[in-house]
Asker: 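Quick one: the structure is below, and I'll ask about it shortly.
Hydrogens, waters and symmetry mates are skipped; everything else that's a heavy atom, side chains included, is used. Starting from 1, each residue takes its place in the sequence as its number.
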Amino acid sequence: MHESFSFRLRELEGMGESIKLIANNKKAYHDYFIEETYEAGVALHGTEVKSLRMGKCSIKESFVRIENGEVLIYGMHISPYEKGNIFNKDPLRVKKLLLHKQEIGRMAGKIAVKGYTLVPLRVYFKGSLVKIEIGLAKGKKLYDKRQDIAKKDQRREAEQEFKIRMR
């Protein structure tokens, strides 16, 4: 889990908010520099919420767009609820994200700058509400990814060395 998110989880849990992670997009942190994050609600139908409670959601191939003053998420896969029969919706349908107009306007202005995009980072329950964290992101170049991998390897080796010394 990303460090800032786990800190915020502990902070919210201390305030009485229960957080249950449903889906995480680790690939977003590998492919993008995340500069800002926003928390948004998701407009869902009943069987979709039941499916999410069972943890059946994927945001790996999803992306966020702003169209006609609305924020929409494409490619978010919510598996059909087993007992939902005719009430189940299309698993890949476009879902509306719920944000304030000022936030949408601010995001639209920042996306207009070349190289910025919105990516979904994680889906979670906050109390009884389904929330999605989206990030304002700038794409990484290949050499940036290589640097990140090298840093992770160095950190892993240092931790391993530290464990060996402690024994």
Side-chain angles (χ1 to χ4, degrees), residues 1-49 51-53 55-79 89-149 151-152:
M1 227 187 277
H2 197 259
E3 295 165 358
S4 65
F5 182 69
S6 59
F7 173 73
R8 285 205 341 241
L9 275 178
R10 280 186 248 116
E11 185 179 287
L12 289 171
E13 286 173 345
M15 294 171 23
E17 290 284 348
S18 63
I19 302 285
K20 181 188 171 202
L21 188 64
I22 302 167
N24 199 0
N25 190 358
K26 292 178 184 176
K27 190 177 178 189
Y29 290 100
H30 179 72
D31 293 340
Y32 300 98
F33 291 113
I34 308 299
E35 298 195 3
E36 285 184 48
T37 59
Y38 299 93
E39 183 181 66
V42 187
L44 298 170
H45 292 279
T47 55
E48 290 176 322
V49 176
S51 184
L52 285 173
R53 288 207 184 279
K56 298 190 174 181
C57 177
S58 174
I59 56 171
K60 281 183 174 59
E61 299 297 321
S62 59
F63 58 96
V64 179
R65 281 197 181 150
I66 299 177
E67 295 174 0
N68 301 327
E70 293 183 339
V71 182
L72 305 171
I73 184 165
Y74 292 84
M76 179 178 169
H77 187 277
I78 299 176
S79 299
K89 299 291 180 189
D90 176 30
L92 288 172
R93 76 178 182 87
V94 178
K95 294 155 193 73
K96 184 178 175 182
L97 298 182
L98 308 171
L99 289 156
H100 293 283
K101 277 188 178 180
Q102 291 103 346
E103 285 181 312
I104 295 171
R106 204 174 310 128
M107 281 192 284
K110 290 179 180 176
I111 289 175
V113 177
K114 190 178 179 197
Y116 283 94
T117 186
L118 290 173
V119 291
L121 301 175
R122 54 188 59 89
V123 180
Y124 54 93
F125 278 104
K126 186 175 180 182
S128 63
L129 303 174
V130 177
K131 299 288 184 177
I132 185 164
E133 185 177 46
I134 55 177
L136 181 68
K138 189 172 180 109
K140 285 185 180 178
K141 305 283 187 221
L142 184 61
Y143 57 84
D144 291 328
K145 292 179 188 179
R146 287 182 185 149
Q147 286 175 349
D148 284 352
I149 291 169
K151 285 178 186 174
K152 284 181 188 175

Asker: Between Ile34 and Ala28, what is the shortest heavy-atom contact and its length?
Answerer: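 Residues Ile34 and Ala28, closest heavy atoms: CD1-O, 4.3 Å.
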Asker: Please tell me if the side chains of Tyr29 and Asp148 come closer than 4.5 Å, counting only heavy atoms from C-beta onward.
Answerer: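 Tyr29 does not reach Asp148 side chain to side chain.
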Asker: In the structure I gave you, are the side-chain heavy atoms of Glu48 and Lys95 within less than 4.5 Å of one another anywhere?
Answerer: yes
Asker: Any side-chain heavy atom of His77 sitting closer than 4.5 Å to one from Glu61?
Answerer: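 His77 does not reach Glu61 side chain to side chain.
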Asker: Tell me, yes or no, whether the heavy-atom count around Tyr32 atom OH, taken from other residues, nucleotides or ligands under 6.0 Å, exceeds 12.
Answerer: no
Asker: Check for a donor-acceptor pair, side chain of Lys126 on one end and backbone N or O of Lys20 on the other, with a separation under 3.5 Å.
Answerer: no
Asker: Going through the distances and angles, do Arg122 and Leu21 end up as a side chain to side chain contact (heavy atoms under 4.5 Å, CB included)?
Answerer: CA-CA 8 Å; Arg122 54 188 59 89; Leu21 188 64; 3.9 Å; yes
Asker: Are Leu52 and Ile78 close enough, and set up right, to give a side chain to side chain contact (heavy atoms under 4.5 Å, CB included), and what steps lead you there?
Answerer: CA-CA 7 Å; Leu52 285 173; Ile78 299 176; 4.2 Å; yes
Asker: Are Ile134 and Met107 close enough that some pair of their side-chain heavy atoms sits under 4.5 Å apart?
Answerer: yes
Asker: About how many Å separate NZ of Lys131 and OH of Tyr124, when rounded to the nearest 0.5 Å?
Answerer: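 With rounding to 0.5 Å, OH (Tyr124) is 7.5 Å from NZ (Lys131).
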Asker: Within a strict 4.5 Å, meaning less than it, do heavy atoms of the Glu35 and Lys110 side chains meet?
Answerer: no
Asker: Are Thr117 and Val64 close enough that some pair of their side-chain heavy atoms sits under 4.5 Å apart?
Answerer: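 The answer is no, as the side chains (C-beta and beyond) never meet within the 4.5 Å cut-off.
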Asker: Which atoms form the tightest heavy-atom contact between Asn25 and Ile59, and what is the distance?
Answerer: ND2-O, 3.5 Å
Asker: Roughly how far, to the nearest 0.5 Å, is the CG atom of Leu118 from the OG1 atom of Thr37?
Answerer: 11.5 Å
Asker: Compare every heavy atom of Cys57 with every heavy atom of Ile22, then report the nearest pair and how far apart it is.
Answerer: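 Scanning both residues completely, I find the closest heavy atoms to be CG2-CB, 3.8 Å.
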Asker: Are any of the side-chain heavy atoms of Phe125 and Val130 separated by less than 4.5 Å?
Answerer: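 A side-chain contact exists here, since the closest heavy-atom pair is under 4.5 Å.
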Asker: In Å, rounded to the nearest 0.5 Å, how long is the span from CD of Glu70 to NZ of Lys96?
Answerer: 4.0 Å
Asker: Roughly how far, to the nearest 0.5 Å, is OH of Tyr74 from CZ of Arg65?
Answerer: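 That separation rounds to 6.0 Å.
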Asker: Could you give me the CA-CA distance, side-chain angles and deciding distance for Glu133 and Glu39, then say whether side chain to side chain contact (heavy atoms under 4.5 Å, CB included) is met?
Answerer: CA-CA 5 Å; Glu133 185 177 46; Glu39 183 181 66; 5.7 Å; no
Asker: Taking atom NZ of Lys60 as the centre, does the number of heavy atoms from other residues, nucleotides or ligands within less than 6.0 Å exceed 12?
Answerer: no
Asker: Hey, could you give me the CZ/NE2 distance between Arg106 and His100, rounded to the nearest 0.5 Å?
Answerer: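 Interatomic distance, Arg106 CZ to His100 NE2, rounded to 0.5 Å: 10.0 Å.
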Asker: For Ala137 and Val119, which heavy atoms make the closest approach, and how far apart are they?
Answerer: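 Residues Ala137 and Val119, closest heavy atoms: CB-CG2, 3.9 Å.
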Asker: Looking only at non-hydrogen atoms, find the nearest pair between Ser62 and Pro120 and report the distance.
Answerer: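 Where Ser62 meets Pro120 most closely, the heavy atoms are OG-CG, 3.1 Å.
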Asker: Between Val123 and Met76, is there a side-chain heavy-atom distance shorter than 4.5 Å?
Answerer: yes
Asker: To the nearest 0.5 Å, how far apart are CG in Leu136 and CD1 in Ile111?
Answerer: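 So the CG of Leu136 and the CD1 of Ile111 are separated by 6.5 Å.
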Asker: Could you point out which residue of Leu97, Leu72, Val71 forms a side-chain contact (heavy atoms from CB on, under 4.5 Å) with Ile66?
Answerer: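 Output: one option passes, namely Val71.
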